Q: 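Take a look at this one; I'll ask things after.
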Amino acid sequence: MISNLESYPVSKTKENIDVSIWRGDATGGDFVLYVVPQEDSQTILDVVYYVQRHLDPKLSYRYACRVGMCGSCAMMVNGKPRWTCRTHVQTVLDGNTVTIEPLRNLPVIKDLACDMSEFFDKWREAEAVFHPTKTRDDEIEPISPDSAKRQAAAAAIECINCAVCYAACDVVEKNPKYLGPAALNRAWTLFNDVRDGGQRARLRAVAGDAGCHNCHSQQGCSTYCPNDLNPTLSIAGLKRATARAALKGEI
Amino acid sequence: MLGVRLYLAQRLSAFILAPLVLVHLGVMIYAIQGGLDASEILSRTRGSLWWAAMYGLFVAAVSVHAAIGLRVIAHEHLKLGGTGLNLFTWGIGLLLLAMGGRAVIAVTL
């Protein structure tokens with residue numbers, strides 16, 4: 001029988017990492033130090049998983065796909081928001097240590113798990129939902145991939161809802177009502193969807209007191225987006241669109 | 001839709017301010033070549049409708065632009081909101097307009 005174990009990555013180092021993980025809940029908490037063996041190609045999620053399986057089964061955190069698609073596992077790593085399943089330990093180690101915290105700007109449920117309710121509530125507040133204009137009995141509307149609107153939507157569409165941009169945004173920190181980069185980015189993709197019938201309501205929603213005009217274009221969202229999206233650019237597009245609509249008296 | 005109106009007002013005031021700041025700096029650098037005292041400045045600006053119009057527009061644009069900018073800072077850092085925030089914005093705008101207007105009148109009338 002031929003073993004396929006040789007094809008698996010095997011540790012060449014076996015050194016230890018000092019991992020500080022924030023433990024607590026909505027009432028408060030503190031960092032707890034764990035020592036985790038270092039492995040090749042080890043991700044931050046692997047480290048958290050190791051702690052929960054081998055050192056402290058009460059550690060709470062959230063993940064699902066482990067391949068950068070579901071957007072569940074984002075955490076603060078050495079003070080920066082990251083998708084932990086695609087963040088290699090070697091790329092973020094500070095000496096021999098790494099700190100892991102729950103995402104910034106969101107209420108903590110327990111340990112590394114945040115309450116994402118307000119994040120997703122804001123998607124609805126921004127009218128970041130599709131308003132269909134046809135039924136299933138109508139012909140499918142052809143959309144040219146080369147059209148300017150489709151290209152604008154395509155540039156912003158690959159959001160995985162991980163809330164990294166939301167955690168990176170200083171405006172959200174200072175103004176908790178602000179809709180945030182993810183919801184506004186999604187609103188921008190729908191603004192560029194010619195099939196959508198809710199444009200006026202959407203422009204009204206994103207032009208409100210908590211809307212796109214709060215953005216200072218600091219580009220924290222664009223800097224940390226794991227999918228290399230540029231929500232700042234999407235928000236700038238919404239600012240122009242709402243300004244035009246306001247001048248025309250449409251909103 | 002106050003946010004959109006404030007956004008437009010701040011962009012429009014910036015659009016006005018950009019060339020005026022350049023004119024102001026350019027004239028200042030040009031005028032002081034070889035020395036210039038207050039009486040010489042006043043002799044050129046007093047009675048000049050052009051200078052009154054330029055600096056009058058400058059002051060008006062500054063009042064709008066700075067008031068909106070400070071409004072954001074007051075909202076985010078001092079947590080001001082509602083009526084208090086509106087009073088703060090109008091207060092800053094009117095204060096800058098009064099101080100700037102007084103200076104323009106003193107130099108050009």
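Just so it is clear: chains get the letters A, B, ... in the order the sequence lines come, proteins before strands, and each one is counted from 1. Values reported hereafter were calculated over all heavy atoms of this structure, with side chains retained and with hydrogens, waters and symmetry mates removed. These numbers come from a predicted model, not from an experiment.
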Q: Heavy-atom distances under 4.5 Å only: say whether B:Val72 touches chain A with side chain, backbone, both or neither.
A: side chain
Q: A:Ala243 and B:Val4: which non-hydrogen atoms are nearest, and at how many Å?
A: CA-CG1, 4.0 Å
Q: Counting only heavy atoms not in B:Met28 (residues, nucleotides, ligands), do more than 12 fall under 6.0 Å from its CE?
A: yes
Q: Consider only side-chain N and O atoms of B:Gln10 and A:His213, and report whether a donor and an acceptor are under 3.5 Å apart.
A: no
Q: Distance check, rounded to the nearest 0.5 Å: B:Leu6 atom CG versus A:Asp209 atom CG?
A: 9.0 Å
Q: Tell me whether B:Arg102 at atom CZ has more than 12 heavy atoms from other residues, nucleotides or ligands lying less than 6.0 Å away.
A: no
Q: Once rounded to the nearest 0.5 Å, what's the spacing between atom CD of B:Glu76 and atom CG of A:Asn214?
A: 7.0 Å
Q: Quick one: pull up CZ in B:Arg5 and CG in A:Leu247 and give me the separation to the nearest 0.5 Å.
A: 11.5 Å
Q: Tell me if the CD atom of A:Glu158 is crowded by more than 12 foreign heavy atoms within 6.0 Å.
A: no
Q: Atom CZ of residue position A:Phe31 - does it have more than 12 heavy atoms of other residues, nucleotides or ligands inside 6.0 Å?
A: yes
Q: Verify the neighbour count for atom CG of B:Leu49: are there more than 12 heavy atoms of other residues, nucleotides or ligands below 6.0 Å?
A: no
Q: Rounded to the nearest 0.5 Å, how far does NZ of A:Lys174 lie from NE2 of B:His75?
A: 12.5 Å
